[in-house]
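Working notes, structure below.
We count ligands from 1, going down the list as the structure has it; atoms in each ligand are counted the same way.
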Amino acid sequence: MQLDAVQSAAQEQFGKQSHRYGKGHILQNVDDVIAAASQMALPARAEVLDVATGAGHTGLYFAGLGHRVTLADIAQPMLDRVRETAAERGLQVTTRQHAAEQFPYAEASFDLVTCRVAPHHFSSPPDFIAEVARVLRPGGYFLLIDGSVFDDEPEAEAWLHQVEKLRDPSHNRLLSPRTWTQLCERSVLRVTSVELKEFKQPNLEWYFETANTPPDNRVAVRRLIETATDAVRRCCKVGVEEGKTVWWWPRLTLIARR
Ligand SMILES: C[S@@+](CC[C@H](N)C(=O)[O-])C[C@H]1O[C@@H](n2cnc3c(N)ncnc32)[C@H](O)[C@@H]1O
């Protein structure tokens with residue numbers, strides 16, 4: 001697998017941190033996935049691809065419903081964690097190591113492609129979308145859930161970008177709902193639903209630990225929080241609760257069909 005610098009950074013970062021994304025991680029709660037799935041009419045035994053699966057919370061949810069699921073990630077240790085969890089839960093799944101920008105699957109192979117809380121690491125969202133469109137069957141669904149930014153809020157966007165990049169240097173870019181919609185619609189995907197919801201980041205110090213943020217970067221993030229402008233505070237609701245620094249990310253749920 002030939003990787004560019006952004007992909008290599010993600011592979012290295014998540015390869016080291018794979019043990020932190022399973023039980024106890026805030027992504028273990030898949031209520032967002034369940035809500036989105038309720039808007040889809042999938043075949044009884046759908047072929048599902050979960051891209052950038054991490055510890056597998058999204059793909060394993062669909063495997064638990066009886067679908068045939070392939071869980072893919074750029075970092076092999078994440079896929080090792082997925083296999084352990086699938087075995088614990090008695091689920092049969094396939095794992096594949098590959099980048100989100102180039103898939104090793106034939107055209108029209110899947111009824112559903114999911115990707116949750118990962119595209120902000122991708123080096124090329126347009127290549128990712130082109131691959132999703134290529135491997136979906138006609139009528140197939142694309143579910144994208146990711147941290148996002150509000151359309152037309154450049155100050156909050158720049159702030160969130162700085163915070164995320166300092167916390168985890170493998171972060172690439174949060175895209176707005178409008179940008180994701182345009183990317184889909186430049187391909188053959190038709191967007192059927194776009195929702196921006198607030199998602200609480202409940203504890204800055206826990207968030208540093210999951211990414212093993214370097215000490216100097218932690219200092220820089222705390223400084224960005226102290227000096228956040230009114231526009232940032234309004235968009236991201238930065239605050240302190242019971243001694244913990246919290247903020248709210250805009251989180252995008254987009255559903256599209258091939
Ligand atoms: C936060 S985790 C994903 C969470 C998971 N989807 C869930 O629902 O719990 C981010 C994952 O994206 C993967 N990743 C980052 N960049 C990638 C890329 N370009 N191609 C494939 N996987 C990538 C990382 O290895 C990591 O496992």
For ligand 1, which atoms sit closer than 4.0 Å to a heavy atom of [X]?
{"X": "Val117", "answer": "1 (C), 2 (S), 3 (C), 10 (C)"}
{"X": "His57", "answer": "9 (O)"}
{"X": "His121", "answer": "15 (C), 16 (N)"}
{"X": "His98", "answer": "21 (C)"}

Can you tell me how far the CD1 atom of Ile255 sits from the CE atom of Met40, to the nearest 0.5 Å?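 So the CD1 of Ile255 and the CE of Met40 are separated by 4.5 Å.
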The one among Ile145, Ile74, Val82 that brings a heavy atom closest to atom 23 (C) of ligand 1: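 Selected option, by shortest heavy-atom distance: Ile74.
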Tell me which one of Leu71, Thr53, Leu27 gets a heavy atom nearest to atom 5 (C) of ligand 1.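 Closest candidate by heavy-atom distance is Thr53.
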Just to check, does Ala99 reach to within less than 4.0 Å of ligand 1 when the distance is taken from its heavy atoms?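 Under 4.0 Å: yes for Ala99.
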What do you reckon, does Gln11 put a non-hydrogen atom under 4.0 Å from ligand 1?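 Contact absent.
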Contact summary for Leu143 and Ala36, nearest pair of heavy atoms: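 Looks like CD1-CB, 3.6 Å.
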Heavy-atom contacts under 4.0 Å between Arg116 and ligand 1: side chain, backbone, both, or neither?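 Within the 4.0 Å criterion, Arg116 contacts ligand 1 through backbone and side-chain atoms alike.
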Does an N or O anywhere in Ala52 fall below 3.5 Å from an N or O of ligand 1?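 Looking only at distances, the answer is yes, because the N/O contact criterion of under 3.5 Å is met.
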Hey, are Gln7 and Glu101 close enough side-chain-wise for a donor-acceptor pair under 3.5 Å?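 Distance-only check passes for Glu101 and Gln7.
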Verify whether the ring centers belonging to Tyr21 and His57 lie closer than 6.0 Å.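 Here the rings of His57 and Tyr21 have centres that are no less than 6.0 Å from each other.
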Step-by-step ring-ring contact (aromatic ring centres under 6.0 Å, His included) determination, His98 to Tyr105: CA-CA 11 Å; His98 64 76; Tyr105 311 108; 5.2 Å; yes
Do you know which of His120, His161, Glu157 makes side chain to side chain contact (heavy atoms under 4.5 Å, CB included) with Leu174?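 When side chain to side chain contact (heavy atoms under 4.5 Å, CB included) is applied between Leu174 and each of His120, His161, Glu157, only His120 qualifies.
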Parallel, tilted or perpendicular: which fits the ring planes of Trp249 and Tyr207, with parallel below 30° and perpendicular above 60°?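 Trp249 and Tyr207: perpendicular rings.
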